[in-house]
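Below is one structure, written out as structure tokens; the observations come after it.
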Number of protein chains: 2
Amino acid sequence: MARTAGSHSDITGPRIREAALRLFAEHGYAAVSMRQIAAEVGVQAGALYNYTADKQSLLAGLMRGHLEELLAERAAEETGPDPLARLDAFTRFHIRYHLERPEAVFIAYMELRNLSPDNFREIEVLRHAYETELETVLQDGVAQGVFDVPDPKVATLAVIAMLTGVTTWYRDTGRLSRDEVAETYCGMVRRLVGC
Amino acid sequence: MARTAGSHSDITGPRIREAALRLFAEHGYAAVSMRQIAAEVGVQAGALYNYTADKQSLLAGLMRGHLEELLAERAAEETGPDPLARLDAFTRFHIRYHLERPEAVFIAYMELRNLSPDNFREIEVLRHAYETELETVLQDGVAQGVFDVPDPKVATLAVIAMLTGVTTWYRDTGRLSRDEVAETYCGMVRRLVGC
DNA sequence: GTCTATAGTGGGATAGAC
DNA sequence: GTCTATCCCACTATAGAC
């Protein structure tokens, strides 16, 4: 759609972030130019700088937004006291959330190298907070004698890597539905923790 | 070391590939310039084109070399008939091999987007051949009643994602040795396949 | 808030001397 | 086989008109 000089648009900001998310996920941060993002939105490159200080801030904002939303939605989930129920809930939540936002997930894992040192530290804190959610479940399960996990720290990283990997192969047009995939992983995770 | 015009060097080719491997792994393919690679080797940018047709071929060659070596070393391993022994062997091999070549592994997983369509197809064939190695072990184990794996295809992808994830956190200066990590993962993989 | 235009930098790849 | 020099192009970010 043609756009005219001087037109106002309070939704340009979100549209820029959506376009950047899509393009960064597809081609990688370094391979995407500000011109490409602007063209996707339908403005000139210079206009982007009304919404972001620079390209680096645009990337950091996307990653921070993704991880903050991940933590917020996780915190909003009801969690009872039973470690096994909490483990299942984490597995289902992680898979559902990641399959719903494959682009944000992809960027959050692949573009860490392209963050400035300050932004990197900030993002790592958020990521570690999320990993701690699962580690706590595993430790509680071990303490209660429900799980058998020799090394909860390593198991945490192993399970998260396993679950996140689903985004690399899952297709909605494939053999399994999202729920079926989640159930399959639930079973594998349960067994992995000796339950 | 200063280099002089006209000097010969049969090892420039390998040095270019080593430098490219290191820089691509650290900064990403798109973020690394041919000038950077040349500087790392100690030649001028133009000299690189005596060894590679272009930047894309350099990347594809690194990835092809990595996957071909992976398949060759895997094929060289002795494998008995016992599915459990083969599963353990795969786990230990995968972790050892990946921890020995973190840069090549990183590139092979992260830079798929930056391959031309032709190169991408070629690399995907190699990657799939490797995944089939594990899938075959799982299927044989199920057929012999040793493993309990409801979905061997999904389990294959889950195990490989879990094992490969070790490269994102393992440090030689950390709490565990490589062998200890491999044993920990062996135990987790065994349980995951219901064994 | 968006436009056009541009400053300033750096990119991939090539040509021709040595 | 490597050098220097260069072509041509794209990039980020900014300036100033509207």
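Since we're looking at a predicted model, the values are computed, not measured. Proteins come first, then strands; the chains are lettered A, B, ... in the order of their sequence lines, and each starts at number 1.
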Let me have the donor-acceptor pairs involving side chains of residues 188-195 of chain B, under 3.5 Å, with sequence neighbours excluded, atom names and distances please.
residue, atom, partner, partner atom, Å
B:R190, NE, B:D88, OD1, 3.2
B:R190, NE, B:D88, OD2, 3.2
B:R190, NH2, B:D88, OD2, 2.4
B:R191, NE, A:L192, O, 3.3
B:R191, NH1, A:D148, O, 2.9
B:R191, NH1, A:D148, OD2, 3.1
B:R191, NH2, A:D148, O, 2.8
B:R191, NH2, A:L192, O, 3.2

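- Five base pairs at each end of the helix from C:dG1-D:dC18 to C:dC18-D:dG1 define two local axes, and these are offset by 0° (rounded to 10°).
- The interatomic distance linking A:M34 (CE) with D:dA13 (P) rounds to 6 Å, in whole Å.
- The two residues A:E111 and A:G28 come nearest to each other via the heavy atoms OE2-CA, 3.3 Å.
- Applying the ring pair (Phe, Tyr, Trp, His ring centres under 6.0 Å) rule to A:Y29 yields the partners A:F24; only residues at least two apart in sequence or on another chain are considered.
- The ring pair (Phe, Tyr, Trp, His ring centres under 6.0 Å) search around B:F93 returns B:Y97, not counting sequence neighbours.
- As rounded to whole Å, 17 Å separates atom P of C:dA13 from atom OH of B:Y51.
- In the set C:dT2, D:dT2, C:dA13, C:dA13 carries the atom at the smallest distance from any side-chain atom of B:Y49.
- The NE2-C1' distance, from B:H27 to C:dG10, rounds to 16 Å in whole Å.
- Going from atom OH of B:Y29 over to atom P of C:dG12 covers 8 Å, rounded to whole Å.
- Annotation for B:I95 and B:A182: closest pair CD1-CA, 4.0 Å, computed over non-hydrogen atoms.
- Checking D:dT14, C:dG12, D:dG1 against the side-chain heavy atoms of B:K55 singles out C:dG12 as nearest.
- Among pairs with a residue in residues 158-188 of chain A, none fulfils ring-ring contact (aromatic ring centres under 6.0 Å, His included), at least two apart in sequence or across chains.
- Put simply, CD1 on A:I11 is 14 Å from C1' on C:dG1, counting in whole angstrom units.
- Nearest nucleotide to the B:D54 side chain, out of C:dT2, D:dA13, C:dA13: C:dA13.
- Taking A:S57 as the reference, A:D54 meet the side-chain hydrogen bond (donor to acceptor under 3.5 Å, both in side chains) condition, with sequence neighbours excluded.
- In this structure, B:N50 atom CG and D:dC3 atom P are separated by 10 Å, rounded to whole Å.
- The side chain of A:T12 contributes no N or O atom lying less than 4.0 Å from OP1 or OP2 of C:dG1.
- Within the structure, ring-ring contact (aromatic ring centres under 6.0 Å, His included) contacts touching residues 122-154 of chain A (residues at least two apart or in different chains) are A:F90-A:Y130, A:H94-A:Y130.
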Quick test: give all pairs of protein nitrogen or oxygen and nucleotides 4-10 of chain D nitrogen or oxygen below 3.5 Å, distance rounded to 0.1 Å.
none

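- Residues satisfying the ring pair (Phe, Tyr, Trp, His ring centres under 6.0 Å) test with A:F120, not counting sequence neighbours, are none.
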